[in-house]
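Single-structure report; data block below.
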Amino acid sequence: MIGVIYVITKIVSIFLTILQFMMLIRAIMSWLPIDDDSNLSNFLYAMTEPVIYPVRALLSRIEALNELPIDISFIVAFMLLSIIQILLPSITL
């Protein structure tokens, strides 16, 4: 049973790593003059927005954060994924 849990946590960890890379690529692409209707852009948006949107919706309830010139929901979502990935191995103990 422990072996099955170990395999599942490894798969989830790999998925989280891939999701973080996709988020980084999306961020870099937002700084470059790339067509927003490209297939890669649409794919990255479709894969990462379900992770970023709930954080954005939660943070939009805080008035002080609405006045910031940058969207910190991306950073918060990335940090949450990192924390989950760090805590994931403790499940197998």
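FYI, side chains are in, hydrogens and waters are out, and symmetry mates aren't considered; it's all heavy atoms of this structure.
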Hey, does the side chain of [X] reach the backbone of [Y] with a donor-acceptor pair shorter than 3.5 angstrom?
| X | Y | answer |
| --- | --- | --- |
| Thr9 | Ile5 | yes |
| Thr48 | Leu44 | yes |
| Ser13 | Lys10 | no |

Is there a path of hydrophobic side-chain contacts, each under 4.5 Å between heavy atoms of I, L, V, M, F, W or Y residues, that connects [X] with [Y]?
| X | Y | result |
| --- | --- | --- |
| Ile28 | Met23 | yes |
| Ile84 | Leu58 | no |
| Ile8 | Leu19 | yes |
| Leu87 | Leu80 | no |
| Val51 | Leu40 | yes |

Exercise. Can you name the residues that form a side chain to side chain donor-acceptor pair (under 3.5 Å) with Ser38, not counting sequence neighbours?
Worked result: none

Problem set entry | Closest heavy-atom pair and its distance - Ile52, Ser73 | CG2-OG, 3.8 Å

Exercise. If you look at every heavy atom in Ala27 and Phe74, which pair is closest and at what distance?
Worked result: CB-CZ, 3.8 Å

Measure the spacing between [atom1] of [X] and [atom2] of [Y] and express it to the nearest 0.5 Å.
| X | Y | atom1 | atom2 | answer |
| --- | --- | --- | --- | --- |
| Met29 | Ile25 | CE | CD1 | 8.5 Å |
| Phe43 | Asn39 | CZ | CG | 11.0 Å |
| Ile86 | Leu16 | CD1 | CG | 11.0 Å |
| Glu67 | Ile62 | CD | CD1 | 12.5 Å |

For this session: Let me see the working for Gln85 and Leu81 under side-chain contact (heavy atoms from CB on, under 4.5 Å), right down to the final yes or no.
Result: CA-CA 6 Å; Gln85 196 170 14; Leu81 289 176; over 6 Å; no

